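In what follows, a structure is listed as structure tokens, so that the remarks can point back to it.
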Amino acid sequence: QVQLVETGGGLVQAGGSLKLSCVASGSAFSNYAMGWFRQAPGKEREFVAGIFWNPFYGDFVEGRFTISRDNAKNTVYLQMNNLKPEDTGVYYCARSPVQSREAGPYTTWGQGTQVTVSS
């Protein structure tokens, strides 16, 4: 069974940067789209970024985040720059057989990593 483990969350001041990593166990990593979602307290889970062959982003990203993957390391990354307090939330890594901005197709999820941006 595939497991996804996220790391890299933490506390950062507004305007700062964080880089999240997600390592997947198992094989065939390159055969799946990988995505990052986030959930703030009291809000629904929100699509942040995804990548299969090419990256794609949620509308709010506005060039501040970059998703990338290293198939040799079974790892997907999310570089987040110019962070804002509204970026605070739990960030989840997920795997999907198809490219999507919707949570439904993502069948495997990590446990999440907390990102807190102070003002």
Side-chain angles (χ1 to χ4, degrees):
Q1 184 174 356
V2 173
Q3 289 188 319
L4 305 177
V5 179
E6 304 100 331
T7 57
L11 173 64
V12 64
Q13 289 187 330
S17 298
L18 282 175
K19 185 173 184 178
L20 307 183
S21 300
C22 171
V23 179
S25 64
S27 59
F29 177 78
S30 62
N31 292 348
Y32 291 88
M34 299 299 296
W36 287 97
F37 290 77
R38 70 184 187 184
Q39 189 164 20
K43 295 189 176 181
E44 293 187 354
R45 193 166 294 191
E46 178 180 37
F47 172 76
V48 177
I51 186 167
F52 206 150
W53 299 112
N54 298 304
F56 51 105
Y57 299 94
D59 292 340
F60 70 88
V61 169
E62 299 176 333
R64 298 182 298 125
F65 298 175
T66 301
I67 188 172
S68 60
R69 66 189 298 165
D70 185 338
N71 291 335
K73 295 182 178 180
N74 281 15
T75 303
V76 61
Y77 304 97
L78 184 68
Q79 175 68 47
M80 304 187 292
N81 298 327
N82 191 21
L83 283 161
K84 304 175 182 179
E86 51 263 45
D87 293 318
T88 294
V90 178
Y91 282 68
Y92 298 92
C93 169
R95 188 183 83 161
S96 169
V98 298
Q99 184 169 298
S100 177
R101 288 179 170 82
E102 302 296 325
Y106 291 84
T107 54
T108 304
W109 293 79
Q111 81 289 350
T113 185
Q114 176 70 44
V115 171
T116 303
V117 184
S118 63
S119 58

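Since we're looking at a predicted model, the values are computed, not measured. Along the sequence shown, residues carry numbers from 1. Note that these values count all heavy atoms, side chains included, but never hydrogens, waters or copies made by symmetry.
Separation of atoms CG (Leu83) and CZ (Arg64) is listed at 6.5 Å; rounding is to 0.5 Å.
The side chain to side chain donor-acceptor pair (under 3.5 Å) search around Gln111 returns Glu6, not counting sequence neighbours. For the side-chain contact (heavy atoms from CB on, under 4.5 Å) test, residues two or more places apart in sequence or in another chain that qualify with Glu102 are Ser100, Pro105. For Arg101, there are no side chain to side chain donor-acceptor pair (under 3.5 Å) partners two or more places apart in sequence or in a different chain. Every side chain to side chain donor-acceptor pair (under 3.5 Å) that Gln114 has, sequence neighbours left out, goes to Thr116.
Smallest separation of non-hydrogen atoms from Ile67 and Tyr57: N-OH, 3.1 Å. Annotation for Ser118 and Leu11: closest pair CB-CD1, 4.3 Å, computed over non-hydrogen atoms. Closest approach of Asn82 and Asp87 over heavy atoms only: O-OD2, 4.5 Å. When every heavy atom of Leu4 is checked against every heavy atom of Thr108, the shortest pair comes out as CD1-O, 3.4 Å.
Sorted pairs that involve residues 109-119 and meet salt bridge (Lys or Arg N to Asp or Glu O under 4.0 Å), not counting sequence neighbours, are lacking altogether. Applying the disulfide bond (SG atoms under 2.5 Å apart) rule to pairs touching residues 18-109 yields Cys22-Cys93, sequence neighbours excluded. Under the side chain to side chain donor-acceptor pair (under 3.5 Å) criterion, the residue pairs touching residues 65-76 are Arg69-Asn71, with sequence neighbours excluded. Here side chain to side chain donor-acceptor pair (under 3.5 Å) pairs that include residues 13-30, with residues two or more places apart or in two chains, are Ser17-Asn81. Pairs of residues two or more places apart, or lying in two chains, that qualify as ring pair (Phe, Tyr, Trp, His ring centres under 6.0 Å) and include a residue from residues 59-106 are Phe37-Tyr106.
Counting only heavy atoms from C-beta outward, the side chains of Val76 and Val23 never approach each other to under 4.5 Å. Thr88 places none of its side-chain heavy atoms less than 4.5 Å from the side chain of Val115.
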Please tabulate, one pair per line, all N/O donor-acceptor pairs under 3.5 Å involving side-chain atoms of residues 42-53, not counting sequence neighbours.
{"from": "Glu46", "atom 1": "OE1", "to": "Arg38", "atom 2": "NE", "distance (Å)": "2.8"}
{"from": "Glu46", "atom 1": "OE1", "to": "Arg38", "atom 2": "NH2", "distance (Å)": "3.3"}

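Apart from Tyr32 itself, the hydrophobic cluster it occupies contains nothing, where clustering links Ile, Leu, Val, Met, Phe, Trp and Tyr at side-chain heavy-atom distances under 4.5 Å.
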